[in-house]
2 protein chains.
Amino acid sequence: MAKVTADISMSLDGFVTEPDPGGANPLGDDPGRLHDWMFDAKTSTDAEIVDETYARAGAVLIGKRMFDVGVEPWGDPPPFGMPVFVLTHEAREPLPRRGGTMYHFATGGLEAALAEARAAAGDKDVGIWGGANTVTQYLQAGLLDELNLHVVPLLLGSGVRLFDGLDPSRIELTKTRSIDTPRATHLRFSVRA
Amino acid sequence: MAKVTADISMSLDGFVTEPDPGGANPLGDDPGRLHDWMFDAKTSTDAEIVDETYARAGAVLIGKRMFDVGVEPWGDPPPFGMPVFVLTHEAREPLPRRGGTMYHFATGGLEAALAEARAAAGDKDVGIWGGANTVTQYLQAGLLDELNLHVVPLLLGSGVRLFDGLDPSRIELTKTRSIDTPRATHLRFSVRA
């Protein structure tokens with residue numbers, strides 16, 4: 001059966017955005033540093049991990065905040081090339097983009113949004129690609145099968161913290177893969193909730 | 001020249017103790033999980049990393065809180081087998097133990113304590129072995145050459161957070177080693193402050 005996977009980049013001190021996200025620069029003061037490994041891959045290993053992540057996913061699920069800060073920089077065509085479900089409270093018509101991306105606005109809550117994304121993904125995985133709050137909600141709800149944490153060798157000191165407010169008492173992670181490059185340590189965990 | 005190195009185990013969500021450190025169990029509610037890779041090494045790789053860490057160090061430097069919770073469980077002889085400098089405000093006579101361990105109480109501040117430990121270490125390294133606050137203080141002061149972070153595949157949700165209150169704006173880490181075992185991802189960084 002297709003999996004529900006999450007992918008997120010995190011600094012060594014646990015932050016997923018630079019300080020001041022949502023300011024002039026949507027990912028923070030100096031957004032490049034946390035995501036350089038993806039967008040400006042310098043090693044073939046980093047590039048392969050990006051390619052594999054896209055190849056496995058049949059649909060993407062993201063939070064509303066991530067959509068709001070991302071929709072402009074992602075442009076048209078966006079990088080997804082597949083249906084993207086935006087978890088939101090605000091009903092809205094689907095927003096088509098070129099190259100196979102269609103933004104759908106899912107207002108029925110975590111499980112309903114995931115069911116819609118699963119249906120769209122067919123036999124491929126649903127990729128929950130952020131932000132922190134969305135990944136944490138799915139993890140907490142026991143709806144995540146796999147967590148991919150890309151640990152970037154940076155200390156940020158502040159920003160949005162991954163896993164904030166999580167009660168992990170019933171969540172068990174088993175590390176199933178670790179690939180190291182100069183720019184990130186790519187850790188994969190299977191999740192049992 | 002001998003290096004100043006730090007070693008600390010951290011959960012995926014950034015904690016270096018289990019919830020409720022200092023309660024009945026000095027390292028927290030369920031202390032084993034964060035430090036199992038050291039004390040009950042199941043792979044030869046984990047055991048080699050422990051051995052290497054001891055072999056490189058000519059003296060150890062720890063915080064007072066860590067000393068207070070550790071001194072009983074470490075017993076006599078303690079596992080160190082070398083001089084251990086305890087960063088404290090309280091002057092106290094050196095405390096001898098069997099097997100080469102002598103606890104020294106360094107009251108002159110970060111730099112003075114480090115100078116004492118360096119002198120004792122000779123041409124070996126000084127190992128700053130915790131807790132979080134002590135490691136962070138040396139990192140912040142630009143006195144650390146190398147940081148070894150043992151990232152344990154656990155989510156703890158609360159506890160003492162490594163890097164709390166750190167201003168990392170002038171600290172640059174370069175990853176120089178990554179060794180993965182089922183129980184920890186052993187990351188080594190050189191520090192430029």
Side-chain angles (χ1 to χ4, degrees), chain A residues 6 8 10-16 18-20 29-30 33 37 43 45 132 135-136 139-140 144 147-159 161-193, chain B residues 6 8 10-16 18-19 29-30 33 37 43 45 132 135-136 139-140 144 146-159 161-193:
Chain A
I8 197 154
M10 184 182 82
S11 68
L12 274 184
D13 50 352
F15 298 102
V16 300
E18 304 272 336
D20 191 28
D29 290 341
D30 185 5
R33 297 189 300 159
W37 74 268
T43 74
T45 304
V135 170
T136 301
L139 182 59
Q140 188 75 76
L144 207 59
L147 173 65
N148 292 287
L149 209 52
H150 308 281
V151 181
V152 177
L154 277 179
L155 295 171
L156 294 177
S158 60
R161 213 186 268 284
L162 186 58
F163 304 127
D164 215 18
L166 184 73
D167 168 12
S169 55
R170 291 172 312 141
I171 299 167
E172 195 179 313
L173 302 180
T174 304
K175 188 166 49 181
T176 57
R177 189 170 91 166
S178 170
I179 298 176
D180 193 67
T181 72
R183 283 188 166 176
T185 305
H186 305 282
L187 300 175
R188 173 171 293 170
F189 303 93
S190 70
V191 185
R192 200 160 62 88
Chain B
I8 197 156
M10 182 181 83
S11 69
L12 274 184
D13 51 352
F15 298 102
V16 299
E18 303 273 336
D29 291 340
D30 184 6
R33 297 189 299 159
W37 74 268
T43 74
T45 305
V135 170
T136 300
L139 182 59
Q140 188 76 75
L144 207 60
E146 179 186 298
L147 173 65
N148 292 287
L149 208 54
H150 308 282
V151 181
V152 177
L154 276 180
L155 295 171
L156 294 177
S158 61
R161 211 186 269 285
L162 185 59
F163 303 129
D164 216 17
L166 184 73
D167 168 13
S169 55
R170 290 171 314 141
I171 300 167
E172 196 179 314
L173 302 180
T174 304
K175 188 167 49 182
T176 56
R177 189 170 90 164
S178 170
I179 298 176
D180 193 68
T181 72
R183 283 186 165 179
T185 305
H186 304 281
L187 300 175
R188 174 170 292 170
F189 303 92
S190 70
V191 185
R192 199 160 62 88

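Convention: sequence-line order gives letters A, B, ...; per-chain numbering from 1.
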Decide yes or no on side chain to side chain contact (heavy atoms under 4.5 Å, CB included) for L139(B) and F163(B), but give the supporting numbers first. CA-CA 9 Å; L139(B) 182 59; F163(B) 303 129; 3.8 Å; yes
Portion of L162(B) that has a non-hydrogen atom of chain A nearer than 4.5 angstrom: neither
Crowding at CZ, R177(A) (>12 non-hydrogen neighbours, <6.0 Å): yes
In terms of heavy-atom pairs under 4.5 Å with chain B, the winner among V151(A), T176(A), L12(A) is L12(A)
Side chain, backbone, both or neither: which part of S11(B) has a non-hydrogen atom closer than 4.5 Å to chain A? neither
Max heavy-atom pair count under 4.5 Å with chain B, selected residue of L156(A), D164(A), T174(A): L156(A)
When every non-hydrogen atom of R170(A) is compared with those of Q140(A), the smallest separation belongs to NH2-O, 4.4 Å
Minimal heavy-atom distance between K175(A) and F189(A), with the atoms involved, is CA-CD2, 3.6 Å
If you count heavy-atom pairs under 4.5 Å with chain B, which of L187(A), T185(A), I171(A) comes out on top? T185(A)
Atom group of D13(B) that falls short of 4.5 Å from chain A, counting heavy atoms: both
Just so I know, are the side chains of T181(A) and H186(A) near enough to count as touching, which here means a heavy-atom distance under 4.5 Å? yes
May I ask you to name which of P153(A), G165(A), G14(A) has the most heavy-atom pairs under 4.5 Å with chain B? P153(A)
Checking R188(B) now: which residues fulfil salt bridge (charged side-chain N to carboxylate O under 4.0 Å, His left out) with it, not counting sequence neighbours? E52(B), E146(B)
